[in-house]
Amino acid sequence: MADISHKRHIAKSITWRLVGTLDTIVLSWIISGDPFIGLKIGMTEVVTKMFLYYLHERAWFKINLSKDGKLQESRKRHIAKTFTWRLVGTMDTMIIAWVISGDPLTGLKIGFAEVVTKMLLYYFHERTWYKINFGLSDRKK
C-alpha cells in the first residue's frame, strides 16, 4: 500500500498546486496591483508548496490509519486537513509575498485573502480526491 499511496500523494500535490497557484497569482496581482509580482509569488510557491503539501499528505496518512491499516476517511478529517494545511500554506504565502514585494503588509493582505479562497478550494479538492480510487489498493467503504 505504501508505494501506491506515494503516487496518490504526488498526484494530489500536483493537482492542488495547479489550483492553488492560479489562486495565488490572481490574488497577489489584485492586492499588489502588479501582475509580475503575482507571477513571481505564484511561481515561487510552486516549489515551496509542492514540498510542504507532500509532507502534509504523508503526515496525515501516517496519523490516520485504523488498527487494520486502512485509511479512515470522513468529512471531519477533510475539514481538519483543510485547517492544518491552510495554516502551513498561509505562513508560506505571507513570507514569500513579503520577501518578493518587499512589504510585510502586502504579505499579510495576500495571506489573509487566501485563507478564505484556499480553504474552500482545498475542501472541494479533498472531496474530489476522496471519490477517486487512484493510488488506493483498498478503501474502507
Side-chain angles (χ1 to χ4, degrees), residues 1-67 69-141:
M1 185 161 156
D3 290 335
I4 295 171
S5 70
H6 283 286
K7 292 176 185 175
R8 179 179 179 83
H9 298 153
I10 290 168
K12 281 180 72 175
S13 298
I14 291 168
T15 58
W16 171 245
R17 196 64 258 140
L18 289 172
V19 171
T21 297
L22 289 174
D23 184 58
T24 297
I25 290 169
V26 171
L27 287 175
S28 298
W29 177 1
I30 291 169
I31 291 168
S32 73
D34 185 340
F36 295 110
I37 286 178
L39 283 170
K40 286 178 188 176
I41 293 168
M43 293 301 106
T44 302
E45 280 193 350
V46 167
V47 176
T48 61
K49 292 260 185 354
M50 289 280 281
F51 177 72
L52 292 171
Y53 186 82
Y54 177 79
L55 294 177
H56 184 259
E57 281 295 302
R58 295 305 301 163
W60 271 94
F61 178 75
K62 295 209 182 267
I63 65 171
N64 197 45
L65 291 176
S66 67
K67 290 179 184 175
K70 292 183 181 178
L71 280 179
Q72 299 176 11
E73 300 286 344
S74 71
R75 281 188 166 75
K76 289 178 185 176
R77 177 179 184 267
H78 296 149
I79 290 169
K81 280 182 72 177
T82 299
F83 279 95
T84 59
W85 172 245
R86 194 64 259 138
L87 177 66
V88 171
T90 297
M91 295 304 295
D92 185 55
T93 297
M94 285 197 250
I95 293 166
I96 290 169
W98 175 3
V99 169
I100 290 175
S101 72
D103 181 8
L105 188 57
T106 297
L108 286 171
K109 287 179 184 178
I110 293 168
F112 285 125
E114 278 192 346
V115 167
V116 174
T117 60
K118 290 285 195 313
M119 285 182 73
L120 289 171
L121 291 169
Y122 185 82
Y123 178 79
F124 289 115
H125 181 263
E126 279 295 302
R127 294 304 301 159
T128 301
W129 269 97
Y130 177 67
K131 296 175 183 181
I132 298 170
N133 287 325
F134 176 77
L136 295 176
S137 59
D138 212 6
R139 180 187 290 236
K140 183 179 178 183
K141 299 281 180 179

Task: Spacing of Ile100 atom CD1 and Ser32 atom OG [to the nearest 0.5 Å] - done: 10.5 Å
TODO: Please check if atom NZ in Lys12 has more than 12 non-hydrogen atoms from other residues, nucleotides or ligands closer than 6.0 Å.
DONE: yes
Task: Lys81 backbone acceptor or donor facing Thr84 side chain under 3.5 Å - done: yes
- [ ] Evaluate the side-chain contact (heavy atoms from CB on, under 4.5 Å) criterion for residues Ile96 and Met43: first the C-alpha distance (whole Å), next the side-chain angles of each, then the deciding distance (0.1 Å), finally the verdict.
- [x] CA-CA 10 Å; Ile96 290 169; Met43 293 301 106; over 6 Å; no
Open item on the list: What verdict does the side-chain contact (heavy atoms from CB on, under 4.5 Å) test give for Ile79 and Phe83, after you've listed the backbone C-alpha separation in whole Å, the side-chain angles of each residue and the deciding distance to 0.1 Å?
Closed with: CA-CA 6 Å; Ile79 290 169; Phe83 279 95; 3.6 Å; yes
TODO: Using a cut-off of 6.0 Å, state whether more than 12 heavy atoms not belonging to Met91 lie near its atom CE.
DONE: no
Open item on the list: Is the distance between the ring centroids of His9 and Tyr54 under 6.0 Å?
Closed with: no
Open item on the list: Quick one: does any side-chain atom of Lys118 pair with a main-chain N or O of Gly20 as donor and acceptor, under 3.5 Å?
Closed with: yes
- [ ] Could you tell me which residues satisfy side chain to side chain donor-acceptor pair (under 3.5 Å) with Thr15, sequence neighbours excluded, listed by chain and number?
- [x] His125, Trp129
Task: Residue pair Tyr122 / Glu57: nearest heavy atoms and the distance that separates them - done: OH-OE2, 3.8 Å
- [ ] Would you confirm whether Arg17, through its side chain, and Met50, through its main-chain N or O, come within 3.5 Å as a donor-acceptor pair?
- [x] no
- [ ] Applying side-chain contact (heavy atoms from CB on, under 4.5 Å), run through Trp16 and Trp85 and close with a yes or a no.
- [x] CA-CA 11 Å; Trp16 171 245; Trp85 172 245; 3.1 Å; yes
- [ ] Take Ile25 and Ile41, measure what side-chain contact (heavy atoms from CB on, under 4.5 Å) needs, and give me the verdict at the end.
- [x] CA-CA 7 Å; Ile25 290 169; Ile41 293 168; over 6 Å; no
- [ ] State, to 0.1 Å, how close Lys109 and Ile31 come at their nearest heavy-atom pair, and which atoms those are.
- [x] O-CD1, 3.6 Å
Open item on the list: To check you understand the geometry: which heavy-atom pair defines the closest contact between Gly38 and Ser28, and what is its length?
Closed with: CA-CB, 3.5 Å
Task: Residue among Thr21, Thr24, Val88, Asp92 satisfying side chain to side chain contact (heavy atoms under 4.5 Å, CB included) with Lys49 - done: Asp92
